[in-house]
Asks: 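Got a structure for you, questions after.
For the numbers below, each heavy atom of this structure counts, side chains included, while hydrogens, waters and symmetry mates do not. Numbers here are sequence positions counted from 1.
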Amino acid sequence: MADILAALRSLMASHTPPLNALVVPSEDYHQSEYVSARDKRRAFVSGFTGSAGLALVTTNEALLWTDGRYFLQAEQQLSNQWRLMRMGEDPAVDSWISTNLPQDSAIGIDFWCISVETAQKWRSLFAKNQQKLVPTTKNLVDEVWKDQPQAEMNPVHVHPLKFSGRSVSDKLKDLRDNLKKEKTRGIIITTLDEVVWLYNVRGGDVSYSPVVHSFAVVTTSSAFFYVDERKLSSEVKSYLEENNIIVKDYTAVSSDVALLASNQLTSAKGTQSNGAHDAEDSSHKIWVDPRCCYSLYSKLNPDQVFLHQSPLSLPKSLKNPVEMEGLKNAHIRDGAAVVQYLAWLDKQMQELYGASGYFKESESQKTKTPSGDAKLTEVSVSDKLEEFRAAKEHFRGLSFPTISSVGPNGSIIHYEPKPKTCAELDPNCMYLCDSGAQYLDGTTDITRTVHFGKPSEHEKKCYTAVLKGHFALGNARFPNGTTGHSLDVLARVPLWSYGLDYRHGTGHGIGAYLNVHEGPHSISFRPGLSVPLQASMTVTDEPGYYEDGKFGIRLENVLIIKEAATQFNFANKGYLEFEHITWAPYQKKLIDVRLLLDEEIKWVNSYHAKCKEILAPYLNESEKAWLTQATEPISA
């Protein structure tokens, strides 16, 4: 790690202009949360592998910013060459730079890897100290990364109408209507899930997300798809041609945006495609999302930019009836896999470790100590869960690395076990499993926390508080116009009553065979974009509690938002509610029933009855018997 920093500092010193600092973000050219192996530059430089964070290398310091999900992980992974900066507690990176670096400092960054929104904010702040944000002539990390992985080269697939529910022509018509409504003549689309959603294609360029490294430019008359053509079969090329989508090389987007800016971008037939001569279109503005990479934005005159959230972001989050049905079906199959896994794991823990098991409550005497391949590890059991999922119809892979965590590892919120260093399962410890899958008809994300021995009274109290928050949010009714930020408190109140809390948001949108984390909405203590929740959105409900070095608890279901039939309708706002589409039991022996209200007991029993009814057809007789016992009613 010291050699990497030394090599970077050498390049910084010889750069024109010389750099006082280099920013290495997590994101790729598309501002993706999850990136391909080739784009994991921040992880390469710092050794920290979490999905969120930013590295700053100065002439004599190295700092790593990350959020509360990763504090513990970063502490463990960073060498003594690095200083951890905790987001929300320590100064933000731009404030730190402004305060700690000299006037006239040059702060370098690859303009492909920073958004317009962030670049503009930083430039404004830095200017107060005569500091400059400057583009690096090349990506300096790539220059020192000698064994950097090659670019992904995975085939593009058509996502058929039976799964997508809307044709490309319909989506393009709506998009162009939005362009005309805002008096814009074109849009640059850089976010990977928006490109593939618009064109009804999927790929495999980023692990766990069925996206394709690509850009799109859409004008009032043409649609362009910038992608490495080696990924396109003749069938996919024909499909794109039938839908009047012009394929161009991935690297051509930069020069084409410059042509778009000067009204010279032409279609394959040589006609102008920017709507410049359209009688209806008197504007020369180009729509750019604030998340667009600054490199492309810098090719435009700021006066010709309509800087606004992409008009695809909200429609993508509003699931059509076909997508909604697919998501429900995917979650049923996925729930069956999770139940099969829990039943299997229960049996293994009893047979191999002498555990009392999922249902009984007594400490393991550890009379059995499996050896070699018989041992159950965080990785080996998560591989078994993947086996159960892989046997299900339409399975295409996991939707994120499984968080399979025993005891203290559960307190690392986004823990990712590795084969050589992962823990062995322990019948006397909590086990947290947060997992999900990609199916052609939907994306899933579920968390359950269990104990195969005798949980302490404190663990039960904490689990029950998390369950109460999970219930309070998932069963809320609220008026149209309500944001997830406004609802986040519902999941925290039961924990707050004990003086407890958690350092992550409570819910995120879910894609329809797309990214497992999908905006623009969320449920979080952070105000964010404050996008109101709307009917036909999906969102997770996942409160938790984590004791450093001891255990972690999280419970997560995916919900869909729908109209609520309330008795009254104040101010004619219309009211909304949630519907759970995730099906897997909560562990009854972790619930302190004395802490539940009657309505909470009733809900748990109702949910468990539905689990049994919905999942039974997918299970064998022994699995059904296990589920029957797991869903027996609880009582005060």
Asks: Taking all atoms of both residues into account, what is the closest heavy-atom pair of L300 and A261, and its distance?
Replies: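 Nearest pair, atom of L300 first, then A261: CD2-CB, 3.5 Å.
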Asks: What residues, two or more places apart in sequence or in another chain, satisfy side-chain hydrogen bond (donor to acceptor under 3.5 Å, both in side chains) together with S486?
Replies: T483
Asks: Looking at D541 and G474, would you say the former's side chain and the latter's main chain have a donor-acceptor pair under 3.5 Å?
Replies: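 Yes, the answer is positive, given that a donor and an acceptor are paired below the 3.5 Å cut-off.
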Asks: List the steps, then state whether side-chain contact (heavy atoms from CB on, under 4.5 Å) holds for Y250 with Y29.
Replies: CA-CA 11 Å; Y250 179 79; Y29 292 6; 3.8 Å; yes
Asks: Under 3.5 Å, sequence neighbours excluded: what are the donor-acceptor pairs made by side chains of residues 209-218?
Replies:
residue	atom	partner	partner atom	Å
S209	OG	N515	OD1	3.4
S214	OG	V212	O	3.0

Asks: Please determine, by modelled atom types, if E416 and T402 share a side-chain donor-acceptor pair under 3.5 angstrom.
Replies: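 Looking only at side-chain atoms, T402 and E416 do not form any donor-acceptor pair under 3.5 Å.
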Asks: When rounded to the nearest 0.5 angstrom, what distance separates CG in L101 from CG in N129?
Replies: 9.5 Å
Asks: Is the side chain of R185 donor-acceptor paired with the backbone N or O of K180 at a distance under 3.5 Å, no angle test?
Replies: no
Asks: Let me confirm one number: the CD1-OG1 distance from I109 to T136, rounded to the nearest 0.5 Å.
Replies: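 Here the interatomic distance stands at 8.0 Å.
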Asks: Give a yes or no answer on whether the side chain of T118 reaches the backbone of I114 with a donor-acceptor pair at less than 3.5 Å.
Replies: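 Not a single qualifying donor-acceptor pair exists.
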Asks: Side chains of S524 and S522: any donor to acceptor distance under 3.5 Å?
Replies: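 There is no such pair between these side chains.
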Asks: Testing E117, E27, E194 one by one against R291 for a salt bridge (Lys or Arg N to Asp or Glu O under 4.0 Å), which residue passes?
Replies: E194
Asks: Please name all residues satisfying salt bridge (charged side-chain N to carboxylate O under 4.0 Å, His left out) with D256, sequence neighbours left out, ordered by chain then number.
Replies: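 If we apply the salt bridge (charged side-chain N to carboxylate O under 4.0 Å, His left out) test to D256, skipping adjacent residues, the hits are K248.
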Asks: Got a donor-acceptor contact below 3.5 angstrom from the T540 side chain to the E542 backbone?
Replies: no
Asks: Under a 4.0 Å threshold between the charged nitrogen and the carboxylate oxygen, would D205 count as salt-bridged to K231?
Replies: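 Judged by the 4.0 Å cut-off on N to carboxylate O distance, K231 and D205 do form a salt bridge.
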Asks: Counting only N and O atoms by type, is there a donor-acceptor contact under 3.5 Å from the side chain of N178 to the main-chain atoms of D174?
Replies: yes
Asks: Return all side-chain donor-acceptor pairs below 3.5 angstrom for residues 155-164, not counting sequence neighbours, or 'none' if the list is empty.
Replies:
residue	atom	partner	partner atom	Å
S164	OG	P160	O	3.3
S164	OG	R166	O	3.4
S164	OG	N200	ND2	3.4

Asks: Which pair of heavy atoms, one from R123 and one from L133, lies closest together, and at what distance?
Replies: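 The pair with the smallest heavy-atom distance is NH2-O, 3.2 Å.
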Asks: Would you give the length of the straight line joining atom CG of L259 to atom CG of L265, rounded to the nearest 0.5 angstrom?
Replies: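 Rounded to the nearest 0.5 Å, the CG-CG separation comes to 6.0 Å.
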Asks: Among all residues two or more places apart in sequence or in another chain, which pass the side-chain hydrogen bond (donor to acceptor under 3.5 Å, both in side chains) test with Q438?
Replies: T443
Asks: To the nearest 0.5 Å, what is the distance between CH2 (W112) and OG (S295)?
Replies: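 Result: 4.5 Å between the selected atoms.
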Asks: Return the minimal non-hydrogen interatomic distance between V539 and G507, and the atom names on each side.
Replies: CG2-C, 4.0 Å
Asks: Determine whether a donor-acceptor pair (N or O, by modelled atom type, separation under 3.5 Å) exists between the side chain of N243 and the backbone of Y239.
Replies: yes
Asks: If we ignore hydrogens and angles and just use 3.5 Å, is the side chain of T506 paired with the main-chain N or O of P543 as donor and acceptor?
Replies: no
Asks: Kindly compute the distance separating CG (L63) from CD1 (I97), expressed to the nearest 0.5 Å.
Replies: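 Separation between the atoms: 9.0 Å.
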Asks: Could you check I403 against R554 for side-chain contact (heavy atoms from CB on, under 4.5 Å), going step by step and ending with a plain yes or no?
Replies: CA-CA 11 Å; I403 301 168; R554 187 161 61 251; 3.8 Å; yes
Asks: Under the side-chain hydrogen bond (donor to acceptor under 3.5 Å, both in side chains) rule, collect the residues that match up with T447, sequence neighbours excluded.
Replies: D434, E556
Asks: Between Y199 and F225, is the gap from one ring center to the other below 6.0 Å?
Replies: yes
Asks: Could I get the full list of side chain to side chain contact (heavy atoms under 4.5 Å, CB included) partners for A37, not counting sequence neighbours?
Replies: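 Only P149 meet the side chain to side chain contact (heavy atoms under 4.5 Å, CB included) criterion with A37.
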Asks: Quick check: does any side chain N or O of D334 sit under 3.5 Å from a backbone N or O of A330, one acting as donor and the other as acceptor?
Replies: no
Asks: Answer yes if the ring centres of Y70 and F48 are under 6.0 angstrom apart, and no otherwise.
Replies: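 That pair passes the under 6.0 Å test.
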Asks: Report the relative orientation of the aromatic rings in F306 and W287; use parallel for angles under 30°, tilted for 30 to 60°, perpendicular for over 60°.
Replies: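 Rings of F306 and W287: perpendicular, as their planes differ by over 60°.
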Asks: Keeping the roles fixed (side chain from Q304, backbone from N301), state whether a donor-acceptor pair exists under 3.5 Å.
Replies: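 Checked: pair present.
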Asks: Under the salt bridge (charged side-chain N to carboxylate O under 4.0 Å, His left out) rule, collect the residues that match up with D90, sequence neighbours excluded.
Replies: none
Asks: Is any side-chain N of the basic residue among E323 and K328 closer than 4.0 Å to the acidic one's carboxylate O?
Replies: no
Asks: Which residues pass the ring pair (Phe, Tyr, Trp, His ring centres under 6.0 Å) test with Y226, not counting sequence neighbours?
Replies: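 Checked Y226 against ring pair (Phe, Tyr, Trp, His ring centres under 6.0 Å); zero matches.
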Asks: One pair to check against side chain to side chain donor-acceptor pair (under 3.5 Å): D249 and T251. What are the steps and the verdict?
Replies: CA-CA 5 Å; D249 189 72; T251 58; 2.5 Å; yes
Asks: Determine whether the aromatic ring centres of residues H485 and F525 are separated by less than 6.0 angstrom.
Replies: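 That pair fails the under 6.0 Å test.
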Asks: Which atom names give the shortest non-hydrogen contact between S32 and L192, and what distance separates them?
Replies: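 Taking every non-hydrogen atom into account, OG-CD1, 3.6 Å.
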Asks: Among pairs that include at least one residue of residues 501-515, which meet salt bridge (charged side-chain N to carboxylate O under 4.0 Å, His left out), considering only residues two or more places apart or in two chains?
Replies: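 For residues 501-515: E89-R503, R492-D501.
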Asks: Please say whether more than 12 non-hydrogen atoms of neighbouring residues, nucleotides or ligands are located less than 6.0 Å from CD in E241.
Replies: no
Asks: Give a yes/no verdict on a cation-pi contact between R477 and Y575, requiring under 6.0 Å between NZ or CZ and the six-membered ring centre and an angle within 45° of the axis.
Replies: no
Asks: Before giving the answer on side-chain contact (heavy atoms from CB on, under 4.5 Å), spell out for H521 and S317 the whole-Å C-alpha distance, their side-chain angles and the decisive distance to 0.1 Å.
Replies: CA-CA 8 Å; H521 59 293; S317 74; 3.8 Å; yes
Asks: Kindly compute the distance separating OG1 (T582) from NE2 (H580), expressed to the nearest 0.5 Å.
Replies: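 It is 8.5 Å, given to the nearest 0.5 Å.
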Asks: Stepwise, does the side-chain contact (heavy atoms from CB on, under 4.5 Å) test hold for V227 with L232?
Replies: CA-CA 9 Å; V227 64; L232 307 180; 3.9 Å; yes
Asks: Using the side-chain hydrogen bond (donor to acceptor under 3.5 Å, both in side chains) criterion, which residues pair with N154? Sequence neighbours excluded.
Replies: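 Residues passing side-chain hydrogen bond (donor to acceptor under 3.5 Å, both in side chains) with N154: E152.
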Asks: Taking C-beta and beyond as the side chain, do K132 and L19 meet within less than 4.5 Å on heavy atoms?
Replies: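 Of all side-chain heavy-atom pairs linking L19 with K132, none is under 4.5 Å.
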Asks: Taking only residues two or more places apart in sequence, or in another chain, which ones meet E518 in a salt bridge (charged side-chain N to carboxylate O under 4.0 Å, His left out)?
Replies: K316, K319
Asks: Treating R176 as the side-chain partner and S222 as the backbone partner, does any N or O pair qualify as donor plus acceptor under 3.5 Å?
Replies: yes
Asks: For the residue pair E33 / H517, report whether a side-chain donor-acceptor contact shorter than 3.5 Å exists.
Replies: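 The answer is yes; a qualifying pair exists.
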Asks: Please determine whether a side-chain nitrogen of the Lys or Arg among D177 and K173 lies less than 4.0 Å from a carboxylate oxygen of the Asp or Glu.
Replies: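 Answer for the salt bridge query: yes.
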Asks: More than 12 heavy atoms of other residues, nucleotides or ligands under 6.0 Å from CD of E229: yes or no?
Replies: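 Counting other residues, nucleotides and ligands, CD of E229 exceeds 12 neighbours.
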